[in-house]
Amino acid sequence: MITHSSLSLTLTRPDDWHLHLRDGAALKAVLPDTARQFARAIVMPNLRPPVTTTELAIAYRQRIVDALPAGMQFEPLMTLYLTDNTTAEEISRAKASGIIHGVKLYPAGATTNSDSGVTSLDKCASALEAMERLGVPLLTHAEVTDADVDVFDRERVFIERHMIPLIKKYPALKVVFEHITTKDAADFVMSAPNNVAATITAHHLLMNRNDMFKGGIQPHHYCLPILKREEHRVALVKAATSGNTKFFLGTDSAPHAKHTKEAACGCAGMYTAHTAIELYAEAFEAAGALDKLEGFASFYGADFYGLPRSKAQITLAKESWKVPESLPFDGGDVLVPLRAGQSLHWKML
Ligand SMILES: NC(=O)N[C@@H](CC(=O)O)C(=O)O
Ligand SMILES: [Zn+2]
Ligand SMILES: [Zn+2]
């Protein structure tokens with residue numbers, strides 16, 4: 001049960017249903033930020049090379065477990081990276097492993113490390129049939145890659161061209177529309193059957209596309225799907241705070257070294273894991289909906305994935321504190337967290 005006063009907020013320990021942990025030294029650097037706040041996370045498979053098989057997922061899971069500092073409790077929920085060649089047998093192996101909880105669709109070329117992604121959903125028919133039959137969720141980066149479609153329209157066009165036909169063809173397939181950024185996606189998910197849900201990031205609840213250009217270009221506010229107009233942000237806040245069980249927390253925290261963001265061709269992705277739950281608390285408080293945070297952050301995702309709700313609790317204090325300018329990352333590189341050098345008004349204890 002959520003309890004809150006003007007001074008503190010206690011809720012069931014949340015889960016992050018969309019997270020990039022990377023690998024190697026980067027994994028070691030970012031994992032404690034997530035493990036401190038979250039009981040579990042759905043770990044994205046877009047490594048180089050991508051996590052395309054059960055065997056690779058088991059090995060990656062072990063590297064995550066090994067990177068976890070002693071005394072921290074955290075369960076990585078693994079995913080497979082769907083390709084044109086993923087077989088029904090691979091889906092059966094994934095299901096039987098007990099550690100894989102979804103298969104991720106990256107349209108080829110849509111986002112970071114998506115070069116091996118799907119070129120046409122028709123090529124994935126046998127994998128999708130197996131997923132539908134075995135109850136393995138499809139997690140979607142739902143943007144078209146067609147060069148003639150404006151970058152701000154890529155999510156909306158994906159719904160018409162791919163999402164609606166997909167759901168028609170595989171009516172029992174569990175689908176998570178990841179990191180929704182538009183009113184169109186929120187409306188679509190609301191009107192879809194109960195096997196279709198969505199994750200929402202903190203940054204898309206807190207920012208609109210003006211935040212990419214405030215006082216000059218802001219590379220740390222560039223991510224995919226790209227920030228949209230204010231009317232879309234408002235629709236996302238409405239969906240997240242509605243108490244509708246189809247919408248749940250997925251940070252899409254996506255760490256990239258500072259020099260790869262502050263570059264002539266900057267990488268897409270925001271690092272939000274460092275202050276994730278505080279950022280969501282800020283967004284829910286601004287909407288006057290702190291009482292709806294626990295369902296969104298701690299219950300609905302677990303329910304959708306058929307996992308038990310977590311039992312532990314976390315507490316946030318109403319306290320102003322300054323986010324560091326940067327954090328250690330891979331080797332000598334540093335990471336710039338969202339809100340670097342600025343104040344937050346909630347602090348997890
Ligand atoms: N969100 C992002 O902008 N980037 C993600 C990939 C993704 O989730 O699309 C990444 O892995 O860096
Ligand atoms: Zn994505
Ligand atoms: Zn992502």
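Atoms within each ligand, like the ligands themselves, are counted from 1 in listed order.
- Here H179 has side-chain heavy atoms under 4.0 Å from ligand 1, and that is the only part of it that gets that close.
- In R22, the part holding a heavy atom less than 4.0 Å from any atom of ligand 1 is the side chain.
- The protein heavy atom nearest to atom 4 (N) of ligand 1 is A268 O, 3.2 Å.
- Ligand 1 lies out of reach of M270, whose nearest heavy atom is not under 4.0 Å from it.
- A ring pair (Phe, Tyr, Trp, His ring centres under 6.0 Å) with F296 is found for exactly one of W17, Y280, F247, namely Y280.
- With ring centers used as reference points, H141 lies under 6.0 Å from H179.
- Remark: ligand 1 atoms within the under-4.0 Å shell around heavy atoms of C223 are 3 (O).
- Here E178 has no heavy atoms under 4.0 Å from ligand 1, in either its backbone or its side chain.
- Numbered from 1 in the order shown, with element, the atoms of ligand 1 that lie under 4.0 Å from a heavy atom of A254 read 4 (N), 5 (C), 10 (C), 12 (O).
- At the shortest separation from atom 1 (N) of ligand 1 among protein heavy atoms lies D252 OD2, 2.7 Å.
- Metal site remark for the Zn ion (ligand 2): H18 contributes no N, O or S atom at a distance under 2.8 Å.
- When heavy-atom distances to ligand 1 are checked against a 4.0 Å cut-off, H256 comes that close only through its side chain, counted from C-beta outward.
- Close N/O approach between T111 and ligand 1 is found [any backbone or side-chain N/O within under 3.5 Å].
- The Zn ion (ligand 3) sits nearest to atom NE2 when only the N, O or S atoms of H20 are considered.
- Of the protein's heavy atoms, L224 N, 2.8 Å lies nearest to atom 3 (O) of ligand 1.
- Any N or O atom pair closer than 3.5 Å counts here, and K104 shares no such pair with ligand 1.
- When side chains are defined from C-beta on, L227 counts as touching M270, because their heavy atoms get closer than 4.5 Å.
- Within H179, NE2 is the N, O or S atom that lies nearest to the Zn ion (ligand 2).
- Contact annotation for N113 and ligand 1: no heavy atom of the residue comes within less than 4.0 Å of the ligand.
- Within 6.0 Å of CD on E230 lie more than 12 heavy atoms contributed by other residues, nucleotides or ligands.
- Not a single heavy atom of M44 lies less than 4.0 angstrom from ligand 1.
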